[in-house]
2 protein chains.
Amino acid sequence: MNLVLGDLNRWRLDPLQAVAPQLRLILRSRIIRNDLRPMSRLSEPELAKHYAVSRQPVREAFITLVNEGLLEIRPQRGTFVKRIDYQSVLDGRFVREAVEADIVRLLAANPDPALIRELRHQIAGQADVARRNFSHFIELDEAFHRTLAHAAGVESAWEYLNAIKSQMDRVRFISNEEFPVARLIKQHETVVDTIERSDRDAAEQAMRAHLREILNALPKIQTLYPDYFEGSPSNPD
Amino acid sequence: MNLVLGDLNRWRLDPLQAVAPQLRLILRSRIIRNDLRPMSRLSEPELAKHYAVSRQPVREAFITLVNEGLLEIRPQRGTFVKRIDYQSVLDGRFVREAVEADIVRLLAANPDPALIRELRHQIAGQADVARRNFSHFIELDEAFHRTLAHAAGVESAWEYLNAIKSQMDRVRFISNEEFPVARLIKQHETVVDTIERSDRDAAEQAMRAHLREILNALPKIQTLYPDYFEGSPSNPD
DNA sequence: ACTTCCCTACTACCATACAAGTCAACGGAG
DNA sequence: CTCCGTTGACTTGTATGGTAGTAGGGAAGT
């Protein structure tokens, strides 16, 4: 069985920069976007040949992706795209809710008009691309939440949440139909509104409700694509 | 200038397991315990020779430690123990406060007598080793907080916080004198008491107060050891 | 028909060699 | 003495070969 190459060659390597980090980004993106599917096999030599590099940088990219929970290396057996750990998604969502609830509380305590304007501007952009380009919407969604963290003065806190966001985004890319984009945007608006009128409790609740949205979609998706998950109720491994 | 080897050879490598992960754990532990100090240089070939392995596994261990924010590889220049990013410690603490506040709220909503007993047992152990062995106390402290996460059903959430804990522990190991262990243990007791009597707000506040304790020590330590930090007010890089 | 063993084709892991960039010391020119 | 270019000993990054372990298929034995 050979590797699922797809349109892998859309990506180009910059010969001036180190190869391993570039491969890391490429593979990471492809896994999150479900272009490389769970349990599919990644062959070190095959990828190396395809990019005309040696096996070593490929291997180093693999190692970093193992640390991010996206790959699984089974020694002397092979390297595979990790299935999505159901419980980890739930727990990651829990972490995000806790952190971002505190963030909006901070912001609502002392609303900054410039920030409100910026957020409203971003939301307008989200509405623009809403249905057309789901992948683009996720980027804008990422930017929105990152802006909140930045405004609260805890931007590096957001870095800590990257691995969490990755797993949640994987779920979204498996089946974007399950995510009511219009509603998500409405929730963004509610968050901004409550911050603007300095209603800390309402802002916190709005953010918590927003981040619980995935709880509606997750079970459906797990039922539709059970093979993509592990550690789930119906697939306890 | 050569590497600070110290009593590096206290550690032994198990020839049956892969070398790179073992090196990763050894180096990680030495960095967190401030045995390898910020900005000190780590030489790939020197470490390789010392452990009688090749450069490759050493290099792979380095890469994982870069991802954990403990090392910094400057290409063609050298590999150095990263200085502690002041803002990252603050933001990491912020994340922990948010998450663990929600955790104890969950636990207080439905207190489990068996859990309360277990936690009290752990606290007794903490008091035992309190002054004698600071390193051991930190391990028990880690176990305490992990037990809370486990009981709340979000143990894998705790995994996401590991990198945060690492940086905070580095601060503690730089100068353990600044940390009033007796008070920390008292705060643990307060957390357990409030959970037991199902006082959610009090439990949350107790945990938040507990995790703000490092805010007292951090500025002092930064003043005493400015070279160990970067991104701090007085050392803005 | 079923089990056991071996052989082959893989794999990840490690060792070694090579390439390319960095930096400091040295030495000669002005 | 000062300045600048060169050199050479470092560094990390990449390439490639070798080793041990795994899995699967087929042959031999029960």
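All of these numbers come straight from a predicted model, not from anything done at the bench. Naming convention: chains lettered A, B, ... in sequence-line order (proteins, then strands); numbering from 1 in each chain.
- Side-chain contact between Arg37(A) and Val81(A) is absent, with no heavy-atom pair separated by less than 4.5 Å.
- Annotation: salt bridge (Lys or Arg N to Asp or Glu O under 4.0 Å) contacts involving residues 214-225 of chain B, sequence neighbours excluded, comprise Glu178(B)-Lys220(B).
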Using the 3.5 Å cut-off, write out each protein N or O paired with an N or O of nucleotides 16-21 of chain D and the distance between them.
{"from": "dT16(D)", "atom 1": "O4", "to": "Gln56(A)", "atom 2": "OE1", "distance (Å)": "3.1"}
{"from": "dG17(D)", "atom 1": "O6", "to": "Arg55(A)", "atom 2": "NH2", "distance (Å)": "2.7"}

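- By the salt bridge (charged side-chain N to carboxylate O under 4.0 Å, His left out) test, Glu139(A) is found to be paired with Arg33(A), residues two or more places apart in sequence or in another chain being considered.
- In this entry the distance linking CG of Leu42(B) with C1' of dC10(D) reads 16 Å, nearest Å.
- As a whole-Å value, the separation of Arg24(B) CZ from dC14(C) P is 14 Å.
- With rounding to whole Å, Glu46(B) atom CD is found 12 Å from dC10(D) atom C1'.
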Below 3.5 Å is the cut-off: list the nitrogen or oxygen pairs between protein and nucleotides 24-26 of chain C, distance only.
none

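- Counting heavy atoms from C-beta on, the side chains of Trp158(B) and Glu100(B) come closer than 4.5 Å.
- Side-chain atoms of Gln22(B) and Leu25(B), non-hydrogen and from C-beta on, never get closer than 4.5 Å to each other.
- The stretch residues 58-71 of chain B touches DNA chain D through Arg59(B), each having a heavy atom within less than 4.0 Å of the strand.
- In the helix from dA1(C)-dT30(D) to dG30(C)-dC1(D), the end axes, each obtained as the rotation axis mapping the C1' atoms of four pairs onto the next four within a five-pair block, lie 10° apart to the nearest 10 degrees.
- Applying the 4.0 Å criterion to OP1 and OP2 of dT11(C), one finds that Thr79(A) has every side-chain N and O outside that range.
- In terms of position along DNA chain D, the nucleotide closest to Ile73(B) lies nearer the 5' end than the nucleotide closest to the other residue of the pair Pro57(A) and Ile73(B).
- Residue Glu72(B) contributes atom CD, which lies 13 Å from atom P of dT12(D) at whole-angstrom precision.
- With sequence neighbours left out, the salt bridge (charged side-chain N to carboxylate O under 4.0 Å, His left out) criterion links Lys165(B) to Glu142(B), Asp169(B).
- Relative ring orientation between Tyr86(A) and Phe229(A) is described as perpendicular, the plane-to-plane angle rising above 60° on a 0-90° scale split at 30° and 60°.
- Between the CZ atom of Arg41(A) and the C1' atom of dG24(D) there is a distance of 12 Å, rounded to whole Å.
- Nucleotide dC14(C) holds its P atom 15 Å from the OH atom of Tyr51(B), rounded to whole Å.
- For Phe179(A), there are no ring-ring contact (aromatic ring centres under 6.0 Å, His included) partners two or more places apart in sequence or in a different chain.
- Taking 4.0 angstrom as the limit, Ser43(B) places a side-chain polar atom (N or O) nearer than this to OP1 or OP2 of dT11(D).
- A search for side-chain contact (heavy atoms from CB on, under 4.5 Å) contacts involving Asn176(A) returns Phe134(A), not counting sequence neighbours.
- Checked against salt bridge (charged side-chain N to carboxylate O under 4.0 Å, His left out), Glu60(B) has the following partners two or more places apart in sequence or in another chain: Arg59(A).
- Classified by interplanar angle (parallel below 30°, tilted 30° to 60°, perpendicular above 60°), the ring pair Phe137(B)/His188(B) is parallel.
- Counting non-hydrogen atoms under 4.0 angstrom, Ala48(A) reaches nothing in the nucleic acid.
- Partners of Asp102(B) according to the salt bridge (charged side-chain N to carboxylate O under 4.0 Å, His left out) rule, which considers only residues two or more places apart in sequence or in another chain, are Arg208(A).
- At a threshold of 4.5 Å between non-hydrogen side-chain atoms, the residues Arg93(B) and Leu218(B) do not count as touching.
- Here Tyr225(A) pairs with Tyr228(A) under the ring-ring contact (aromatic ring centres under 6.0 Å, His included) rule; sequence neighbours left out.
- Rounded to whole Å, atom C1' of dT11(C) lies 9 Å from atom CZ of Phe80(A).
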